[in-house]
Number of protein chains: 2
Amino acid sequence: MSNKKSAGNLNTALVILEKSIPLFAQSGYAGVSMRDISKVVGTSGAALYHHYPDKQGLYLAAMEHAFSDMALSIQSTLDIKGTPEERLVHFTTNFTDQMARSPELRILLQRELLDGDDERLKLLANLVFVKPFKVIKELARELGLDCDAHLLAISMAGLILFHFETESIRRYLPGGLKKHNDPKVIGKHVAKLLTGMLGK
Amino acid sequence: MSNKKSAGNLNTALVILEKSIPLFAQSGYAGVSMRDISKVVGTSGAALYHHYPDKQGLYLAAMEHAFSDMALSIQSTLDIKGTPEERLVHFTTNFTDQMARSPELRILLQRELLDGDDERLKLLANLVFVKPFKVIKELARELGLDCDAHLLAISMAGLILFHFETESIRRYLPGGLKKHNDPKVIGKHVAKLLTGMLGK
DNA sequence: ATTCTCTTACTTAACGTCCGTTAAGGTGGG
DNA sequence: CCCACCTTAACGGACGTTAAGTAAGAGAAT
């Protein structure tokens, strides 16, 4: 845990991160001003510069903080014993639950996929996704599917995440019901699709 | 074609839209200034206000222009005869191709899903997605799948789009290869997954 | 054919506001 | 005393937007 950067009170520095994360999730980097952040934190704008070098530095620290949470929570969906089929269903339902429970992190992820530079994306990949990705690829192999493990792992994540990504527009599409936003319904649907593929 | 709003030269008004679309795709609404737009169009900043009432109005017009293109191109992936299986593969491969061919529209879609207000999302749904969505739901029914047609249609789109959404980060994930960004490879992979589900 | 007028399509210059950032100073515990 | 932690006030610049003026062309009147 290298804390070379934070010069000030660790507590305030943390509060700044945790209060700014919802703002960045809602409005994106360019849509949030340092004054907006200082308002929700309850300090002056200048105080932010006591803890972080500039807006970019604050944003980067906020992303690291947010995504280190995400890494832990994703990891927990994969620490389980059982047959490959059981582990597949366990991952699907738990991952769906967690994405439903923390929409902020999901939205930050989407924003980073759109706007993140190479450095930030590399960090995000290593911090959050490389380990789970390896586990899922291994799982795919054990399931005996003959398609590319990388593509399959992406497909599994996409099946789940896309339902949440489209939550805002699905209510205007034919057949869109409230139950389609229920993580239980989504999780079951995805698990069914995936196990259906195995049955072949 | 109601052109109540455009008071000025239609040609310049169109050029403004078409030059501003790539900017909005790359940097988002808040990340693009009216001066940025005027620079790429080659006019003064004030000229933009001769054709559009304000930044929001220009943005809305740009989205309508961009997405009306998208509606046509998606429609074309569904105007085909054949068995349900043939139509499924045709849609999958063609939709994949088109998303690969126009990354700008794809990115604008992602941004609207993140930031679009209810009004814009409703417009986007009706303009682009309602008709294809109905066709895909009908296709799902013909294929005799016993799961919710709405969820299945979303899943199909998600399987394809998520590969593109993660293009920027997949190169940092294990097993990420250049070929995984090839629309032919992605299209084949998705078609295989989907027809695999039917085989059951 | 020339002049006059009116409209369209723009220009330059500026407005007030908000932005990221910093300078200068205060305050309270070691 | 000093240093971490915070304040108020301000800087220069970029922002969205507007006011005022100009160049060009179309149409009618002389």
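By convention in this document, chain letters (A, B, ...) are assigned in the order of the sequence lines, proteins followed by strands, and residues within each chain are numbered from 1. What you are looking at is a predicted structure, and each value in this text was computed from that prediction instead of being measured.
When heavy atoms are screened at a 4.0 angstrom cut-off, B:V32 is found touching the sugar-phosphate backbone but no base atom. Looking at heavy-atom distances under 4.0 Å, A:S44 makes contact with a base.
Geometric assessment of B:K134 against the ring of B:F129 yields a negative cation-pi assignment under the 6.0 Å and 45° thresholds.
When each of C:dT12, C:dC19, D:dT17 is scored by its nearest atom to the side-chain atoms of B:D54, the top-ranked nucleotide is D:dT17.
The nearest whole Å value for the distance from the NZ atom in B:K55 to the P atom in C:dT17 is 19 Å. Rounded to whole Å, atom P of D:dC11 lies 17 Å from atom OH of A:Y49. Atom C1' of nucleotide D:dA4 and atom CG of A:N11 are separated by 14 Å, given to the nearest angstrom. Atom CD1 of B:I16 and atom C1' of C:dC10 are 11 Å apart (whole Å). The interatomic distance linking B:H51 (NE2) with C:dT11 (C1') rounds to 12 Å, in whole Å. Regarding B:L48, its CG atom lies at a distance of 13 Å from the P atom of D:dC15, rounded to whole Å. Atom NE2 of A:H50 and atom P of D:dT8 are 16 Å apart (whole Å). C:dA9 atom P lies 12 Å from atom OH of B:Y52, rounded to whole Å.
Classification of A:K179 and B:D148 as a salt-bridged pair holds, one side-chain N sitting under 4.0 Å from a carboxylate O.
Note on A:T12: a side-chain N or O is less than 4.0 Å away from OP1 or OP2 of D:dC6.
Aromatic pair A:H189/A:H180: centroids not less than 6.0 angstrom apart. Checked against a 6.0 Å centroid threshold, the rings of B:Y29 and B:Y59 count as neighbours.
Mapping A:A47 and A:R35 onto DNA chain D via the closest heavy atom, the residue that lands nearer the 5' end is A:A47.
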